[in-house]
Amino acid sequence: MLIKTKRSYELTENQVTDETIYQGRRKVLKQLGFISASALLGSNTLATTASADETVFKTKALQFSSSNSSTISEQFTPEHKVISHNNFYEFGAKKDQPQKLAQNFKVEPWQLKVSGEVNKPFTLDYEQLFSSFTIEERIYRLRCVEAWSMVIPWLGFRLADLIKKAEPNSKAKYVAFKTLYDPEQMPGQANRYLGGGIKYPYVEGLRIDEAMHDLSILSVGLYGKTLPPQNGAPIRLVTPWKYGFKSIKSIVEIKLVERKPKTTWNKLAPNEYGFYANVNPEVDHPRWSQGSERRLTSGGLFARNRIKTQMFNGYGEDVASLYQGMNLRKHY
Ligand code: MTE
């Protein structure tokens, strides 16, 4: 079932851009056929409904000030940009390659295995990814470590719900994630040059309290539809206060573990990419500043879209307490 609930940290649709009206509820109903129309349009939903079949979202502008006093409108990143400007090295290290090279990626059948330090390990098949937990919409900023960013309406469920189902034991201190390894389907895994020199499978990790945080979701869709392959179909992580590389795509394994797991970018360049990867404008990447970012909006090449980066990507009120007393320069 799909319920839209608002939380303090979410960008709500009436906080995000003026003219954006997006349609697509109908498509999600169709594509995720196992979700009923009545569940979708529950009392909390923000949808204005003409009929269950013709749901549109109307959004208004949010002006927010960055500390250099320039203001920009926080807009949805248009869908065509969200699905054509990607980092998914398994399908090529250039931004436009995943959309082209992932087109025939097969997500059915799929198996997501949840195991490790838990009392009740389980596996979800493709359909169960959509039917086991409450799916909701979350409008989040996504800030890439490369200093570009987007605003994306995700569909997903709380990672905490999946972890609770497995009943972690007292040794479960971290959560380790793994992307599918399938060089026949993922050309970047077969060809070192195309795949950017990464050692596959792509792996990521979170501390258990980060994973249990309400902001952490497993996304199964965006813009009202199932995820396109280039965005990490059928299921990917989204942790909006962290740099985008933590948001591992096309996940096949989630393992509760006792020790801090290895993570792909940290293994590749430990002085550039840390385990925590919290968005932090005060700690620069060794090769570029993290003080500002280029927001991908509907504007063209000359749009004024350079904005100041916010601590924890603007989610500090909700997540700063996770890092109390930690030196964030050391634990970058
Ligand atoms: N997951 C896998 N398996 N492989 C990748 O190359 N790239 C990461 C992350 N997840 C990546 C991945 C990076 S660097 C970013 S910024 C985000 O995915 C980009 O997500 P998007 O393409 O949906 O915007």
Side-chain angles (χ1 to χ4, degrees), residues 76-102 105 107 110 112 138 140-156 176-183 185-189 191-192 194-206 216-223 225-254 261-269 272-274 277-279 285 288 290 293-297 309 313:
F76 279 116
T77 299
E79 185 181 359
H80 72 91
K81 289 195 184 171
V82 175
I83 67 171
S84 64
H85 180 276
N86 297 103
N87 275 334
F88 199 171
Y89 280 46
E90 285 85 339
F91 294 102
K94 294 190 186 135
K95 298 284 174 289
D96 61 344
Q97 283 175 327
Q99 187 183 35
K100 293 178 195 144
L101 300 178
F105 183 53
V107 293
W110 195 265
L112 169 59
R138 298 276 182 105
Y140 283 163
R141 303 180 193 94
L142 175 81
R143 169 61 158 83
C144 179
V145 75
E146 298 163 340
W148 52 265
S149 64
M150 301 191 188
V151 173
I152 303 173
W154 300 103
L155 290 169
F177 302 82
K178 195 185 282 181
T179 294
L180 178 71
Y181 182 71
D182 185 353
Q185 285 209 80
M186 295 175 143
Q189 291 180 337
N191 177 328
R192 216 181 132 69
L194 190 70
I198 285 179
K199 192 166 171 282
Y200 293 103
Y202 195 103
V203 287
E204 256 307 332
L206 294 172
S216 300
I217 59 163
L218 287 169
S219 169
V220 294
L222 58 84
Y223 266 106
K225 291 169 251 176
T226 53
L227 287 176
Q230 62 270 27
N231 291 87
I235 187 161
R236 56 98 52 88
L237 180 67
V238 183
T239 47
W241 73 98
K242 292 178 176 286
Y243 290 120
F245 67 83
K246 297 297 285 184
S247 295
I248 180 172
K249 297 177 169 181
S250 304
I251 303 168
V252 291
E253 192 180 298
I254 297 179
K262 295 214 182 309
T263 56
T264 287
W265 285 99
N266 180 247
K267 278 193 293 183
L268 203 66
E272 299 188 3
Y273 309 104
N278 292 318
V279 175
H285 186 280
W288 59 83
Q290 294 293 21
E293 66 204 54
R294 183 171 58 92
R295 176 62 58 81
L296 276 83
T297 64
T309 291
N313 205 20

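Count residues from 1 along the sequence. Read the numbers this way: they start at 1 and go in the same order the structure lists the ligands and their atoms.
The aromatic rings of F88 and F91 stand perpendicular to each other, their planes meeting at an angle above 60°, with 30° marking the opposite boundary.
When Y202, W148, Y273 are checked for heavy-atom proximity to atom 2 (C) of ligand 1, Y202 turns out nearest. Counting heavy atoms only, L142 comes closest to atom 24 (O) of ligand 1 of the residues L296, L142, L237. For atom 15 (C) of ligand 1, the candidate residues are G195, S149, G244, G92; the nearest heavy-atom contact is made by G244.
To the nearest 0.5 angstrom, Y202 atom OH is 15.0 Å from L180 atom CG. In this structure, S250 OG and K178 NZ are separated by 14.5 Å, a value rounded to the nearest 0.5 Å.
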*Assess whether side-chain contact (heavy atoms from CB on, under 4.5 Å) is satisfied between W110 and V252, documenting all intermediate values.*
CA-CA 8 Å; W110 195 265; V252 291; 3.5 Å; yes
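Donor-acceptor pairing under 3.5 Å is recorded for the side chains of R295 and S149. A donor-acceptor contact closer than 3.5 angstrom is absent between the side chains of Q97 and N86. No hydrogens or angles considered: a donor-acceptor pair under 3.5 Å links the side chains of T309 and E293.
Both the backbone and the side chain of N87 come within 4.0 Å of ligand 1, judged by heavy-atom distances. Residue contacts with ligand 1, taken as heavy atom pairs separated by less than 4.0 Å, do not involve K246 at all.
The protein non-hydrogen atom at the shortest distance from atom 6 (O) of ligand 1 is Y89 N, 2.8 Å. The protein non-hydrogen atom at the shortest distance from atom 18 (O) of ligand 1 is K249 CE, 3.4 Å. For atom 16 (S) of ligand 1, the closest heavy atom belonging to the protein is C144 SG, 3.4 Å.
Within the 4.0 Å heavy-atom cutoff, S247 counts among the residues contacting ligand 1. Heavy atoms of R236 approach ligand 1 to within less than 4.0 angstrom.
Residues Y273 and Y243 keep their aromatic ring centres 6.0 Å or farther apart.
Looking at E90 next to ligand 1, an N or O pair under 3.5 Å apart turns up.
We find that K249 and E204 are not joined by a salt bridge, their nearest charged nitrogen and carboxylate oxygen being 4.0 Å or further apart.
Ligand 1 places these atoms under 4.0 Å from at least one heavy atom of N86: 21 (P), 22 (O), 23 (O). Here is the list of ligand 1 atoms found below 4.0 Å of a heavy atom in T179: 3 (N).
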